[in-house]
Number of protein chains: 2
Amino acid sequence: MGEKTPNGKTDQGDSLEPRDRADRHVRADARRNIDALLRAAMAVFATSGVEAPVREIAEKAGVGVGTVYRHFPQRSDLIVAVFRNEVDACADAAPILAGKHEPGEALALWMQRYVDFITAKRGLAAALYSGNPAFDTLPAYFNQRLRPALQTLLEAAAAAGEVRADIEPGDLLGAAASLAMPAHGGGPAQARRMVALLVDGLRYGASTLADTRS
Amino acid sequence: MGEKTPNGKTDQGDSLEPRDRADRHVRADARRNIDALLRAAMAVFATSGVEAPVREIAEKAGVGVGTVYRHFPQRSDLIVAVFRNEVDACADAAPILAGKHEPGEALALWMQRYVDFITAKRGLAAALYSGNPAFDTLPAYFNQRLRPALQTLLEAAAAAGEVRADIEPGDLLGAAASLAMPAHGGGPAQARRMVALLVDGLRYGASTLADTRS
DNA sequence: ATATATCCGGAACAAGGTTCCGTTTGCAAG
DNA sequence: CTTGCAAACGGAACCTTGTTCCGGATATAT
């Protein structure tokens, strides 16, 4: 009659580090299965939502359920791992875009990438609001990974004079997330348009501020 | 592999009317059991959250699970019925308070009543964000019942010169709900304080506007 | 080549939602 | 006051899904 959180030794999900350290030895087959599971879970979550049965994910990954629970002691651990994985991918996209495009363009492209991530995650909001403490650390992780990524892009674009310089990355992430929330109604297309508008607002601000100040 | 919503004849949950019409005959024992179920569900949801087992509710109501499902074909129908029931109670409190107190006082008291309703409903947010279409109609019902109730109070208080007159009831409901959301951290006590502040803001506005205009 | 710690698969268990059906009962007509 | 029966009741049984367990397979160090 209450909470049970023995939580022996969860290797992922507790640390706030971007990725796992190679603790001792991870057998090659284990690593392969973990990757397959993350990939399968990502696909299944995208189509059936995060409440898809564990068996379905296991089957899609070509492993038994026992293997799932060996690496992800709780169903929520798998969900968290997938979310963190996607956040990492989104954050990692920032330097790549920065290397391939003009600063302002890189910023705009990354924001769209971010919107796509949010809209694709049906059930993210539900998980966050579910009250399940397993998801408590997710928001912090989001900020920790995404804010620096966006900040770098913002600073580069501001230095190039392409956007205004007084924007808090955290504010922008929050605003874009609000606009993109699936619960808000309006499909992914609308979300992309609204966020594009937001980014254009940053650009407009640059010229306005330049005019006003000089 | 998809949605199944045959939905034969759900008597509650589809109509937007405050309460059920007496369709044909409702046997006395049935009415009694429905009431007992709503009461039991309200109590159980308050203590164990909305994901409490149906069996537990049935037992607390002193009926078999078959009886639960006879009146509430899906578990979510019971949840929706309880929510609507509490919304009705909250809305009905408005005229009662208005009859017993000064207009400004009635408004303040009702807002507290509303906050208590929001904070008590652990899992309301989760349900709303769950993506389950069964809950889609809830927000509309909330507005339909609560807005007129609050509007009456606001108009009375404004007519008495106790609060400013330019407040949209919908805005106020939304703001108070945001402040009271359990997910916001801070207990019910904080929520009450913050909303009291909000109401005081309305009062301040009354004198300010009076000064400025005359 | 061998030992062994680790990993794998899937049957088995537990819990909760939902269905089914034999029995009981409110109630209105006679 | 009977009687007939549609409606309602209860709870066992069923299905789905999360989680545990353990005998067998296997990667890897020696």
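Lettering follows sequence order; numbering is per chain, from 1. Not measured: the values here are computed from a predicted model.
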K.L.:
Calculate the interatomic distance between F72(B) atom CZ and dG10(D) atom P; express it in whole Å.
P.N.:
14 Å
K.L.:
For the pair made of NE2 in H25(B) and P in dC5(D), what is the distance, rounded to whole Å?
P.N.:
17 Å
K.L.:
Between dA7(D) atom P and I34(B) atom CD1, what is the distance in whole Å?
P.N.:
14 Å
K.L.:
Can you tell me if E56(A) has over 12 outside heavy atoms packed within less than 6.0 Å of its CD?
P.N.:
yes
K.L.:
Parallel, tilted or perpendicular, judged at 30° and 60°: which one describes the rings of F83(A) and F142(A)?
P.N.:
perpendicular
K.L.:
I'd like to know if D29(B) and R32(B) make a salt bridge, using a cut-off of under 4.0 Å between side-chain N and carboxylate O.
P.N.:
no
K.L.:
Which of residues 40-62 of chain B sit near DNA chain C, with a heavy atom under 4.0 Å from it?
P.N.:
A52(B), P53(B), V54(B), R55(B)
K.L.:
Looking at the side chain of N33(B), which of dG18(D), dT28(D), dA8(D) is the nearest nucleotide?
P.N.:
dA8(D)
K.L.:
Show, in sequence, the C-alpha distance, side-chain angles and deciding distance for R147(A) and D171(A), and conclude whether the salt bridge (Lys or Arg N to Asp or Glu O under 4.0 Å) test is met.
P.N.:
CA-CA 10 Å; R147(A) 243 192 28 192; D171(A) 291 351; over 6 Å; no
K.L.:
Please tell me which of the listed nucleotides, dG26(C), dG10(D), dT18(C), lies nearest to the side chain of V63(B)?
P.N.:
dG10(D)
K.L.:
A quick test of your reading: do over 12 heavy atoms of other residues, nucleotides or ligands sit less than 6.0 Å from CD of E102(B)?
P.N.:
no
K.L.:
Going by an N to O cut-off under 4.0 Å, is there a salt bridge joining R84(A) and D77(A)?
P.N.:
no
K.L.:
Send over the distance from I79(A) CD1 to dT17(D) C1', rounded to a whole Å.
P.N.:
13 Å
K.L.:
For the pair made of CZ in R32(A) and C1' in dC8(C), what is the distance, rounded to whole Å?
P.N.:
12 Å
K.L.:
Does dG9(C) have OP1 or OP2 under 4.0 Å away from a side-chain N or O of T67(A)?
P.N.:
yes
K.L.:
Quick one: list whatever passes salt bridge (Lys or Arg N to Asp or Glu O under 4.0 Å) with E86(A), sequence neighbours left out.
P.N.:
K121(A)
K.L.:
Between Q74(B) and dG17(C), does any side-chain N or O lie under 4.0 Å from OP1 or OP2?
P.N.:
no
K.L.:
Could you pick out which residue, R70(B) or V65(B), lies toward the 5' side of DNA chain D when each is mapped onto its nearest nucleotide?
P.N.:
R70(B)
K.L.:
Please give, in whole Å, the distance from dG18(D) P to H71(A) NE2?
P.N.:
18 Å
K.L.:
Polar pairs (N or O, both sides) under 3.5 Å between protein and nucleotides 20-25 of chain C?
P.N.:
from: dT25(C); atom 1: O2; to: R27(B); atom 2: NH1; distance (Å): 3.2

K.L.:
Using 30° and 60° as the class boundaries, would you call the ring planes of Y114(A) and F117(A) parallel, tilted or perpendicular?
P.N.:
tilted
K.L.:
How many Å lie between CG on N132(B) and P on dG17(C), as a whole number?
P.N.:
13 Å
K.L.:
Examine the side chains of D88(A) and Y141(A) and answer whether a donor and an acceptor come within less than 3.5 Å of each other.
P.N.:
yes
